[in-house]
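These notes concern the structure reproduced below.
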Amino acid sequence: VDRAEMLVVNVAARAGFREEEQHKLGMAVRESMVNAVVHGNRYNLKKKVHLSVDSSGDQLTIIVTDEGEGFDFANLPDPLAEHNLLRQSGRGLLLMRAFVDEISIRRAPPLGTEVRLVKYRTDNAARGG
């Protein structure tokens, strides 16, 4: 998880993203990686989490894929519902959505879940502020 976060932050820095945006990308990747390890692969040491990072044009695309059984992402509980506010988990997707411009989740054949995160670089980021 730490290595994935650092890799993405470094790629984002080289691609011209501001420090604040680098931090947001790092947090989004951390959340996605933790979800892949805990909920996707269920801590199974024989299963891997795959990370892909592509910096092209004005965007950074990150893909995190686990090898787990998958889950029903269309029916996740609302983390902002009153009865869920004190739960220890369940806010990962909410945080990822707050930190990136686009997020998509799909089943990854033959098993697993793929999370695709996209962050666009603004003109201010390209100028460094």
Hphob cluster co-occupancy, Val38 + Leu51, side-chain heavy atoms under 4.5 angstrom: yes

Under 3.5 Å: donor-acceptor pair, side chain of Asn41, backbone of Glu67: yes

Path from Tyr120 to Phe99 over hydrophobic side-chain contacts below 4.5 Å: no

Close side-chain approach of Val29 to Met27, heavy-atom, < 4.5 Å: no

Verdict with reasoning, Glu5 to Arg30, per salt bridge (charged side-chain N to carboxylate O under 4.0 Å, His left out): CA-CA 6 Å; Glu5 180 181 5; Arg30 174 170 285 281; 2.7 Å; yes

Exercise: do Glu114 and His50 side chains pair donor with acceptor under 3.5 Å: no

Spatial distance of atom CG (Leu95) from atom CZ (Arg97) [nearest 0.5 Å]: 11.0 Å

Gln59, CD: over 12 other non-hydrogen atoms inside 6.0 angstrom: yes

Under 4.5 Å side-chain linkage, directly or through intermediates, the cluster mates of Ile63: none

Side chain to side chain contact (heavy atoms under 4.5 Å, CB included) partners for Arg3, two or more places apart: none

Expected output: side-chain Glu69 to main-chain Gly40 donor-acceptor under 3.5 Å: no

Nearest non-hydrogen partners of Leu60 and Ser55, listed with the distance: CD1-CB, 3.6 Å

Test item: Glu21 and Lys24 side chains (from C-beta on) under 4.5 Å apart, heavy atoms: yes

Heavy-atom closest pair, residues Gln22 and Ala12: CG-CB, 4.0 Å

Side chains of Ser104 and Glu102, donor plus acceptor under 3.5 Å: no

Single-linkage hydrophobic cluster Val118~Phe17, side-chain heavy atoms < 4.5 angstrom: no

Side-chain touch Ile62/Leu25, heavy atoms, less than 4.5 angstrom: yes

Common cluster, Met6/Met33, ILVMFWY with side-chain heavy-atom separation under 4.5 Å: no

Close side-chain approach of Met96 and Ser32, heavy atoms under 4.5 Å: yes

Any side-chain heavy-atom pair of Val53 and Thr61 under 4.5 Å: no

Hphob cluster co-occupancy, Val8 + Val37, side-chain heavy atoms under 4.5 angstrom: yes

Student check: side-chain heavy atoms of Val115 and Ile103 closer than 4.5 Å: yes

Minimum side-chain heavy-atom gap Val49-Val64 below 4.5 Å: yes

CA sep, side-chain torsions, deciding dist, call: Lys119, Asp101, salt bridge (charged side-chain N to carboxylate O under 4.0 Å, His left out): CA-CA 5 Å; Lys119 184 73 177 168; Asp101 297 315; 3.7 Å; yes

Heavy-atom side-chain contact between Thr113 and Thr65 under 4.5 Å: no

